[in-house]
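The structure under discussion appears below in the form of structure tokens.
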Amino acid sequence: MSSVICYIIVGISVAVRAYAQKSHERGQPGVDLGDILLLTIFAGVWIVRREDPANSLRIVEGMASWEMAVYTGLIVVVAGLANLWAHARLRQSHGEWMKGAGINPGGAYLALSGMPKWTALVLAVPFIASGALLEEIVFRGFLLRTISKRSSLSNGLVVQAVLFGLVHGIPMALVEAPNSITSYALLMPITVGLALGWLTVESGGLAYPWIAHWSLNYAAFAVEMSRLSRERRLEAVASNVDVDTANVDTDTFWG
């Protein structure tokens, strides 16, 4: 991946996110706060260091290794399937609570779920990119690198993964989610964070962790969007049945 490709992806992602959020009935016009932070980091690196941000932040390093590409694919498949299994189990036991609390895969779902399924699935690809990159820069970039230099690599890997888990788990604790949901929201990101940290160390850059993170977030969105689409079809069928039944009853009455 070259710097130019990185900037094109980020530019498209920021534009799509701004469009989607503005189009959403509860959305706010303008650029997302996370995207502003990401662009500020890019600008700050260029101004302070006078270096290409994509190179300086190691976003585009390590892409030449096919071995790392295979490991990235394995992580995405294993983590994706584990996430799918855990989410299905949680929905079985706590589906009503999750629906009532509005638990969803995140910003992409909030902004795009009101759109037609295939439109949402297409727009979600770029929508998710910049958010995943920002988290990689913060956790696998800044935190992992800083803690590893000041302490040790193992401490850096563990600390960044635990903080990554807390960012996802604490909101569930604050809304008093069932213990199994809070545990899932904490432990799954910690496990994924460790895997992404390992990818960062082994590849020497953030490209593969970014791709893995992007893919996992998209997979979660796609599964939830497909589930929502099925629910909408069932509701539509139920509504048609109700209308037809009402018409039959009326005809019988007046006949």
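These numbers come from the heavy atoms of this one structure, side chains and all, not from hydrogens, waters or symmetry mates.
For R17 (side chain) and F127 (main-chain N/O), a donor-acceptor pair under 3.5 Å exists by modelled atom type. Formation of a donor-acceptor pair under 3.5 Å by the S13 side chain with backbone atoms of P126 is found in this model. With Y71 contributing its side chain and W66 its backbone, the two residues share no donor-acceptor pair below 3.5 Å. In this structure, the side chain of W198 does not engage the main chain of L157 through any donor-acceptor pair within 3.5 Å. Between the S113 side chain and the Y109 main chain, a donor and an acceptor come within less than 3.5 Å of each other. Using modelled atom types, one side-chain atom of T191 and one backbone atom of L187 make a donor-acceptor pair closer than 3.5 Å.
The structure places CD1 of I211 at 11.0 Å from CE of M68, a figure rounded to the nearest 0.5 Å. If you take OG on S130 and CD on E135, they are separated by 10.5 Å, rounding to the nearest 0.5 Å. One distance of note links CG of D32 with CG of L37; it measures 10.0 Å at 0.5 Å rounding. Taking CG of L144 as the start and CG of N155 as the end, the distance is 11.0 Å to the nearest 0.5 Å. Here the OH-CG distance, from Y208 to L196, works out to 14.5 Å after rounding to the nearest 0.5 Å. Here the CZ-OG distance, from F221 to S226, works out to 9.0 Å after rounding to the nearest 0.5 Å.
By the 4.5 Å heavy-atom criterion applied to side chains, I181 and P178 are counted as neighbours. Within the 4.5 Å cutoff, the side chain of L133 has no heavy atoms near those of the W214 side chain. The shortest side-chain heavy-atom distance between R232 and K117 does not fall under the 4.5 Å cut-off. Inter-residue side-chain proximity for N55 and S3 is flagged as met; some heavy-atom pair is nearer than 4.5 Å.
Note that R49 lies outside the cation-pi zone of W46, set by a 6.0 Å cut-off to the ring centre and a 45° limit from the axis.
Side-chain contact annotation: N179 with T182, donor-acceptor N/O pair under 3.5 Å absent. When only modelled atom types and interatomic distance are considered, R89 and S93 share no side-chain donor-acceptor pair under 3.5 Å.
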Item to check | Chi angles and distances behind the side-chain contact (heavy atoms from CB on, under 4.5 Å) call for V175, W97 | outcome: CA-CA 11 Å; V175 298; W97 183 90; 4.0 Å; yes
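With respect to E224 and R91, a salt bridge is recorded, a charged nitrogen being found less than 4.0 Å from a carboxylate O.
Note on I8: it clusters hydrophobically with I137, by side-chain heavy-atom contacts below 4.5 Å among ILVMFWY residues. No single ILVMFWY cluster, assembled from side-chain heavy atoms under 4.5 Å apart, contains both V223 and M115. In the hydrophobic clustering of this structure, I147 groups with F142; members are Ile, Leu, Val, Met, Phe, Trp, Tyr whose side-chain heavy atoms approach within less than 4.5 Å, directly or through other members. The hydrophobic cluster containing L84 does not contain I128, counting ILVMFWY residues as joined when their side-chain heavy atoms lie under 4.5 angstrom apart, directly or transitively. When hydrophobic clusters are built by joining Ile, Leu, Val, Met, Phe, Trp and Tyr residues whose side-chain heavy atoms come closer than 4.5 Å, directly or via intermediates, Y19 is grouped together with W118.
Between F164 and H168, the ring planes lie perpendicular to each other; the angle is over 60°, past the 30° to 60° tilted range.
A side-chain contact (heavy atoms from CB on, under 4.5 Å) with L186 is found for one member of L166, I170, V167 and no other, namely L166.
The 12-atom threshold is exceeded at OH of Y7, counting heavy atoms of other residues, nucleotides or ligands nearer than 6.0 Å.
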